[in-house]
Protein chains: 2
Amino acid sequence: MATVSRALNGRDNVAAEVRAHVQAVATRLRYVPHSAARSLITRRTQTIGALLPDMHGEFFSELIRGIDKAARAQGYHLLLSSSHGDADETAAALQAMLGRVDGLLIMSPHADPGFIEQHLPEDLPAILLNPVRGHTRLSALAVDNRAGAYAMTQHLVHRGYREIVLITGPKGNLDSEERLQGCLDALHDLLPEAVPQIVSGDFSEESGYRAGSLIARQSARPQAIFAANDSMAIGCLFALTEAGLRVPDDIALAGFDDIPTARFTQPPLTTVRVRIADLGGRALDQLLAAIANGGSAQQHSVQMLAPELVLRASCGMHSHAAAAPTHNPDTVSKKRAQAGPDARRTPHPAPKHR
Amino acid sequence: MATVSRALNGRDNVAAEVRAHVQAVATRLRYVPHSAARSLITRRTQTIGALLPDMHGEFFSELIRGIDKAARAQGYHLLLSSSHGDADETAAALQAMLGRVDGLLIMSPHADPGFIEQHLPEDLPAILLNPVRGHTRLSALAVDNRAGAYAMTQHLVHRGYREIVLITGPKGNLDSEERLQGCLDALHDLLPEAVPQIVSGDFSEESGYRAGSLIARQSARPQAIFAANDSMAIGCLFALTEAGLRVPDDIALAGFDDIPTARFTQPPLTTVRVRIADLGGRALDQLLAAIANGGSAQQHSVQMLAPELVLRASCGMHSHAAAAPTHNPDTVSKKRAQAGPDARRTPHPAPKHR
DNA sequence: AAGCATTCTGGAAACGTTTACATTCCACGC
DNA sequence: GCGTGGAATGTAAACGTTTCCAGAATGCTT
């Protein structure tokens with residue numbers, strides 16, 4: 001028994017001959033170790049849990065892909081729990097995961113410090129995937145919305161656009177607010193005398209359409225529109241096109257996220273690329289590092305993921321060509337956002353098994 | 001110990017008073033039963049595994065959502081393993097799940113009978129989520145591509161379109177082939193004298209764009225285009241618009257899938273709605289039924305999910321109105337596809353816990 | 001009052017692994 | 001020849017539940 005365990009787990013103190021024999025027999029009998037029994041004694045499940053909100057579309061799938069890939073690379077499994085409406089549901093889902101995971105990746109609008117304090121055991125490593133409001137003992141990873149919005153606004157100003165309209169996301173949404181703030185900061189820094197015009201939206205394509213209609217009807221049309229996400233930008237684009245305005249000749253347009261459709265609109269959409277899969281992967285790496293650390297030395301660190309500008313025809317790049325998707329290599333401008341003082345790149349810990 | 005177990009698990013043979021006390025103490029101590037220990041003795045993990053291919057976008061997230069929601073509703077957890085490139089990776093992922101799940105949902109291009117035979121233990125309940133090629137001992141669930149394509153083609157013909165071009169998906173892809181077959185069947189039944197024109201694509205927006213350009217340049221333009229998925233339809237729409245053709249006045253267009261963007265294009269896209277989340281949810285229900293059955297009585301059944309037509313402006317519905325997304329109620333035509341002889345709706349088994 | 005059925009409780013085995021510890025074996029140096 | 005040390009292997013405890021079974025307590029029947 002003991003020898004079998006040692007042989008299969010690759011310990012060194014077992015004769016080569018015996019090991020070979022054990023392995024041969026094991027494969028012949030299609031032996032699979034009982035993971036519950038193993039977990040019982042090792043106190044490890046080799047599984048991490050992901051607690052996600054009710055999400056749709058590309059963002060969700062990219063995030064999962066990033067997490068899953070990173071997890072598998074390190075021999076970990078992924079226990080998924082998505083689509084939680086309210087805080088109680090989230091709490092229940094967290095509760096249900098408790099014995100089953102070695103660590104937790106949490107992305108939830110309800111994951112405020114009070115919630116964490118109340119529902120998350122002290123000794124369970126966890127990483128937050130939210131823009132963080134207030135302090136918490138947990139580390140967090142987030143997209144640097146402000147840096148992205150700042151950079152895009154800067155780009156628009158540098159291209160000569162002066163009157164820029166901002167279409168915001170829903171009130172109370174942190175991503176939305178940070179993006180707005182980044183725009184305002186840039187406008188304040190670069191065009192101090194300008195009065196920013198703001199149209200409120202809610203991240204939906206429909207709200208972008210409404211905003212676009214509104215803007216198209218204005219007597220004094222702005223020169224550029226910066227929507228807080230791509231969906232709204234695309235809705236807006238439909239409205240503008242419908243109103244007979246040409247983008248970017250009559251009005252420039254930019255979005256945020258770089259969803260796949262962005263490069264196939266007519267004209268292709270200038271936007272801010274968010275590497276979502278990368279975000280998930282990094283979060284997982286950091287979580288595994290915390291687990292390897294015994295969960296004790298969980299320094300509070302907030303890491304920002306710098307987005308990149310993706311410049312396409314909708315803001316005037318290549319505007320002379322009727323850009324076909326085929327012949328439309330993106331112009332990408334990498335923009336390193338300055339990260340917080342305690343942010344740092346988490347080193348990849350060595351894989352634990354095989 | 002025994003009494004505590006009984007009290008917490010809601011067995012009947014424990015005094016009400018004692019149970020109350022046990023529960024009080026348990027919550028006070030934040031006691032969470034150790035799932036590994038429980039699994040060890042019960043031989044149940046309360047977890048089902050999902051083995052998915054490397055997928056992008058909305059389809060993936062919808063599928064997960066459906067599975068996850070159904071699983072949670074029945075007190076099951078979801079262990080996810082996605083993004084497997086080749087058959088070996090898939091096999092490894094399957095292997096790694098073996099001890100950890102009570103059942104498996106498999107969607108993989110490699111899940112042919114031979115693969116299943118070789119890698120899946122006999123006694124592990126599993127459901128296939130593929131269009132099935134060849135026979136296997138497993139039950140399967142799939143979208144009824146042929147019925148959907150047939151219905152859409154029928155609709156186009158009924159609207160008076162005679163020359164219809166089909167844009168196909170990638171060669172060898174079963175969804176693609178089934179959809180094509182559905183179209184051809186309908187054309188054969190309804191317009192026996194017509195010679196179907198086929199342009200090949202690969203499900204990508206770009207290939208749709210290329211197909212659209214090609215069609216726009218033709219001297220004898222067809223009256224309608226039916227793309228095998230929405231992405232290609234949208235790419236095609238861009239190409240047509242760019243070429244100065246109006247949809248649907250100059251040419252009608254239809255897609256397949258009803259991805260979210262479909263209702264926001266200009267004009268909104270007529271398409272075949274595939275209820276992906278529903279597919280996932282049903283698959284899970286069927287799997288749990290098989291698990292409850294002890295996995296022994298796994299009758300081989302193939303269940304088809306009937307898609308619905310979603311009629312929007314791109315094929316001429318409401319074509320008089322410049323349809324704004326806001327004022328664009330979908331016209332949905334439910335079309336029950338005739339299911340296979342042994343197909344049936346799986347009843348929901350009662351939840352096992354809480 | 002004794003026997004019996006019923007309800008509740010507690011003791012202990014069992015699940016399948018890992019690992020601390022004990023044992024065996026062999027080679028080596030004294 | 002004997003102790004010492006190291007490598008390989010075996011023994012048994014431990015992990016935290018559930019469940020079988022025995023036993024205690026209670027009420028009911030005869």
Side-chain angles (χ1 to χ4, degrees), chain A residues 1-47 75-77 79 95-102 121 123-124 291-292 294-295 351-354, chain B residues 1-47 75-77 79 95-102 121 123-124 291-292 294-295 351-354:
Chain A
M1 273 290 93
T3 303
V4 171
S5 172
R6 282 185 286 251
L8 292 177
N9 289 345
R11 306 312 202 82
D12 49 351
N13 52 353
V14 56
E17 179 189 357
V18 175
R19 158 169 298 145
H21 179 237
V22 167
Q23 283 175 336
V25 173
T27 54
R28 185 160 55 77
L29 299 183
R30 291 187 174 222
Y31 166 80
V32 177
H34 195 294
S35 55
R38 176 179 285 174
S39 294
L40 184 59
I41 187 77
T42 57
R43 329 291 268 123
R44 284 298 191 80
T45 61
Q46 295 292 59
T47 302
Y76 271 77
H77 291 258
L79 196 63
Q95 183 76 14
M97 279 193 165
L98 279 190
R100 309 175 165 271
V101 298
D102 294 341
D123 56 348
L124 185 67
I291 292 173
K352 274 291 154 51
H353 284 282
R354 83 204 49 173
Chain B
M1 272 293 90
T3 304
V4 170
S5 173
R6 282 185 287 251
L8 293 177
N9 289 346
R11 305 313 202 83
D12 51 349
N13 54 351
V14 56
E17 179 190 358
V18 175
R19 158 169 297 143
H21 179 237
V22 168
Q23 284 176 334
V25 172
T27 54
R28 186 159 55 77
L29 299 184
R30 290 184 171 222
Y31 167 80
V32 177
H34 195 293
S35 55
R38 174 179 288 175
S39 294
L40 183 59
I41 187 75
T42 59
R43 326 295 266 127
R44 285 296 191 83
T45 61
Q46 293 291 81
T47 303
Y76 272 76
H77 292 259
L79 196 63
Q95 182 76 12
M97 278 192 165
L98 278 191
R100 309 175 165 271
V101 298
D102 294 340
D123 56 348
L124 185 67
I291 292 174
K352 274 291 153 52
H353 284 281
R354 79 205 48 177

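Any value given below was found using the heavy atoms of this structure, including those in side chains, with hydrogens, waters and symmetry copies removed. Just so it is clear: chains get the letters A, B, ... in the order the sequence lines come, proteins before strands, and each one is counted from 1. Source: prediction; values computed, not measured.
- Qualifying side-chain hydrogen bond (donor to acceptor under 3.5 Å, both in side chains) partners for B/T47, counting only residues two or more places apart in sequence or in other chains: A/R100.
- The shortest heavy-atom contact between B/L98 and B/L124 is CD2-CD2, 3.9 Å.
- Side chains of A/R44 and A/I291 form a contact here, defined as non-hydrogen atoms less than 4.5 Å apart.
- Here A/R19 pairs with A/A7, A/V14, A/Q23 under the side-chain contact (heavy atoms from CB on, under 4.5 Å) rule; sequence neighbours left out.
- Taking 4.0 Å as the cutoff to heavy atoms of chain B, we find the contact window on DNA chain C bounded by C/dC8 to C/dG16.
- In terms of heavy atoms, A/T45 sits closest to A/G99 at CG2-O, 3.8 Å.
- Screening residues 26-36 of chain A for side chain to side chain donor-acceptor pair (under 3.5 Å) gives A/H34-B/R43 as the qualifying pairs, with residues at least two apart or on separate chains.
- One interatomic measurement links the two molecules: CG of B/L8 to P of D/dT17, which rounds to 9 Å at whole-angstrom precision.
- Summarising the geometry of B/Q46 relative to B/G75, their closest heavy-atom pair is NE2-O, 3.7 Å, with the distance given to 0.1 Å.
- Residues passing the side-chain contact (heavy atoms from CB on, under 4.5 Å) test with B/S5 are B/N9, sequence neighbours excluded.
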Determine, for nucleotides 7-14 of chain D in 5'-to-3' order, which nucleotides have protein heavy atoms under 4.0 Å from the base (write B), from only the sugar-phosphate (write S), or from neither (write -). -SBBB--B
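- Residue contacts for A/R19: at a heavy-atom cut-off of 4.0 Å it reaches no nucleic acid atom on any strand shown.
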